[in-house]
Amino acid sequence: MSAVRVRMAPSPTGYFHVGSARTALFNWLFARQQGGQFVLRIEDTDLARNRADATAGIERAMTWLGLDWDEGPYFQSERAQLYEAAIGRLLSKGLLYACDCTSQQVAERNQAAGRPPGYDGFCRERGLEPSPGRALRFRTPHQGRTSWADVVRGEVSYDNASIEDFAVRKSNGQALFILANVVDDADMGITHVIRGEDHVPNTPKHILLWDALGLGPHPVFAHLPLLVNAARKKLSKRRDKVALEDYRDEGYLPEAMFNYLALLGWSPGGDREILSREQLVSEFRLDQVKSSPAFFDEQKLAALNAEYLRALSPSDFTARASEWLASRWSPIAPFVQERARTLSEVYSMVDFLFLPEVRTDPAEWAKVRRQHPAFVALLEAASAGYEQCEWEPASIRQATQEAGAAVGVSALAKAQAPVRLAVTGRTVGPPLFESLHLLGRSRALARLAAARERALREDAASAASPPA
RNA sequence: GCCCCCAUCGUCUAGUGGCCGAGGACACCGCCCUUUCAAGGCGGAGGCACGGGUUCGAACCCCGUUGGGGGUGCCA
């Protein structure tokens with residue numbers, strides 16, 4: 001009886017997707033309940049899209065959720081020799097062949113022949129020598145079927161003839177995910193591969209490679225249902241709010257998120273929904289996970305979060321809320337410290353970070369408008385610059401300076417005043433560029449637009465009824 | 001196009017052949033409580049995609065249809 005070993009294998013894309021969080025959670029629950037190990041492995045075979053700071057983000061997010069790992073993180077980028085050894089073995093068995101087709105050539109041949117997309121096996125019998133500049137492809141068998149008993153979906157089966165000769169090594173010599181994944185799962189003794197449904201089509205390839213490498217019995221596969229948006233499409237970074245840290249920043253409690261995620265695709269049965277971490281560990285059943293996609297419903301998450309909030313003692317609630325509040329403004333705390341004479345003044349210097357819309361003193365508004373004839377033009381120029389620039393204090397400063405110059409305001413100080421009023425509602429406060437940075441681009445732009453409209457409305461009104 | 005998968009209220013789900021005249025939760029509506037708003041209590045509307053089988057009996061099993069999704073990269 002071998003102990004359960006599962007793994008979470010994210011690619012370092014710069015943020016931790018809620019779908020990844022759910023996958024990580026189910027792996028973690030299964031490992032903890034079975035008394036097994038949970039391994040963290042970073043799938044960074046594609047150096048081109050690797051982000052140096054991404055791993056830290058993944059670790060931070062998992063730690064926030066309370067998912068601790070027993071081993072790792074391992075990095076595929078440091079394990080290339082292992083993949084090379086596996087490639088050597090496959091090569092010696094004649095299971096790999098070199099290919100110098102470009103994807104464009106493949107596409108053109110397919111189109112010309114009226115074939116569906118996918119590699120056409122052009123080099124399969126050409127006998128090309130493996131060499132730099134040539135990719136290596138797996139010689140997929142043309143007969144037979146590849147199937148497995150998926151823990152959540154039951155028997156899944158593919159006709160081998162429908163599986164293309166997929167690449168395992170790029171022409172630049174780098175091993176591909178599909179190969180690295182199999183080699184690592186074997187090397188790390190992974191017993192259960194629990195991952196998203198989007199990996200189902202990869203699974204027959206994994207099994208084929210696994211067997212070709214003679215790695216013994218393959219792991220048990222469990223493909224979790226996808227998390228979808230309101231349109232029932234896979235959650236994606238472009239369309240949807242998918243970064244776990246965004247939910248954290250908006251004040252969701254990790255224990256509520258933990259509980260909610262556990263309910264996506266699984267249920268304890270009966271009427272219960274609020275379950276502690278311990279209850280989830282003991283009651284979770286991998287083989288009861290549903291196979292249909294689940295909508296990530298923030299409204300329901302919020303309701304659950306509210307229940308967790310109410311369940312806190314008043315002192316715990318105060319502590320958690322204070323901690324969150326502090327985390328929101330602490331990046332500019334040193335600047336506030338220099339300017340505040342009393343603690344009570346701190347509030348008026350940071351309130352713009354918390355208010356949904358700025359509150360502007362009418363007298364200050366009037367004063368700034370009087371002193372800055374180019375008010376509207378400046379806001380417009382600043383908005384245009386802010387949309388383009390990198391969202392860092394130095395770049396924001398430069399964009400502001402350029403916006404000022406564009407409307408004939410050469411002094412940076414003069415260019416700042418209208419922006420500050422629009423964005424913070426005040427004429428004094430912590431340094432503007434740090435404040436903007438912390439506020440975030442979208443909120444900053446929205447406030448600039450609101451102030452501009454207000455000014456235009458006033459101008460229109462005064463033009464309609466000129467003062468006597 | 002081809003391959004694979006999925007299908008219970010708007011949403012997350014309970015349901016594994018009789019306990020289902022289908023239960024809970026979120027959202028929605030109404031009432032109560034209440035100085036307000038929440039919270040809480042009570043009630044309401046709302047679903048087994050469709051068609052064939054199998055069976056004494058089907059939300060549950062089988063087949064088909066329809067609808068939806070995933071994949072189809074020298075990405076992961």
Side-chain angles (χ1 to χ4, degrees), chain A residues 9-13 17 20 41-50 76 98-107 110-111 114-119 123 133-137 145-148 150 152-181 195-205 223-235 260-274 287-307 309-311:
Chain A
S11 62
T13 48
H17 194 288
S20 300
R41 181 173 81 217
I42 308 297
E43 307 228 309
D44 57 350
T45 51
D46 189 4
L47 267 16
R49 46 179 75 194
N50 202 350
Q76 291 191 327
C99 169
D100 60 1
C101 302
T102 64
S103 47
Q104 194 183 354
Q105 289 169 335
V106 176
N110 284 337
Q111 190 152 27
R115 274 192 308 257
Y119 187 64
C123 296
R134 286 175 182 166
L136 250 27
R137 291 183 178 277
R145 299 189 72 81
T146 298
S147 349
W148 72 95
D150 198 285
V152 340
R153 336 187 79 81
E155 192 77 9
V156 183
S157 179
Y158 280 80
D159 186 345
N160 290 340
S162 73
I163 303 169
E164 63 175 337
D165 286 352
F166 54 93
V168 298
R169 191 174 75 183
K170 296 196 214 182
S171 53
N172 69 7
Q174 203 168 82
L176 281 152
F177 146 82
I178 198 115
L179 192 267
N181 195 272
R195 63 193 355 173
E197 187 192 335
D198 42 348
H199 283 291
V200 168
N202 289 327
T203 306
K205 299 177 185 174
H223 287 97
L224 308 175
L226 249 25
L227 259 32
V228 299
N229 62 19
R232 304 214 70 83
K233 302 267 196 246
K234 181 166 89 163
L235 245 32
Y260 179 65
L261 252 17
L263 262 20
L264 253 24
W266 176 78
S267 154
D271 296 342
R272 292 175 314 141
E273 288 193 323
I274 305 281
D287 59 4
Q288 280 172 9
V289 170
K290 304 242 312 174
S291 46
S292 48
F295 171 50
F296 185 88
D297 185 358
E298 191 176 354
Q299 222 166 23
K300 177 111 186 193
L301 204 214
L304 200 64
N305 199 61
E307 280 211 54
L309 244 21
R310 272 180 245 117

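Only a predicted model underlies this, so the values are computations on that prediction, with no experimental measurement involved. Naming: A, B, ... by sequence-line order, numbering from 1 per chain.
- A donor-acceptor distance shorter than 3.5 angstrom exists from the side chain of A/Asp150 to the backbone of A/His223, with no hydrogens or angles considered.
- Using a 4.0 Å heavy-atom criterion, one finds that A/His199 contacts the bases of the nucleic acid, with or without backbone contacts as well.
- Protein atom CG of A/Asp198 is 16 Å distant from nucleotide atom C1' of B/rC3, rounded to whole Å.
- As the counterpart of B/rG1, B/rU72 is assigned, both hydrogen-bonding distances of the Watson-Crick or G-U wobble pattern falling under 3.5 Å.
- Straight-line distance from the CZ atom of A/Arg137 to the P atom of B/rG73: 9 Å, rounded to whole Å.
- What separates CD of A/Glu197 from C1' of B/rC6 is a distance of 7 Å, to the nearest Å.
- Regarding A/Ile163, its CD1 atom lies at a distance of 13 Å from the C1' atom of B/rC2, rounded to whole Å.
- Between A/Leu264 atom CG and B/rA14 atom P the separation is 12 Å, expressed in whole Å.
- Nucleotide B/rG30 forms a pair with B/rC42, judged by Watson-Crick or G-U wobble geometry with both contacts under 3.5 Å.
- Residue A/Pro117 is in base contact, counting any heavy-atom pair closer than 4.0 Å across all strands shown.
- Nearer the 5' end of RNA chain B, as judged by each residue's closest nucleotide, is the contact made by A/Gly270, out of A/Gly270 and A/Asn172.
- At a threshold of 4.0 angstrom between heavy atoms, the contacts of A/Thr102 with the nucleic acid are absent.
- As judged by a 4.0 angstrom heavy-atom cut-off over every strand, A/Arg310 is placed among residues touching the sugar-phosphate backbone only.
- The nearest whole Å value for the distance from the CG atom in A/Asn229 to the C1' atom in B/rG69 is 11 Å.
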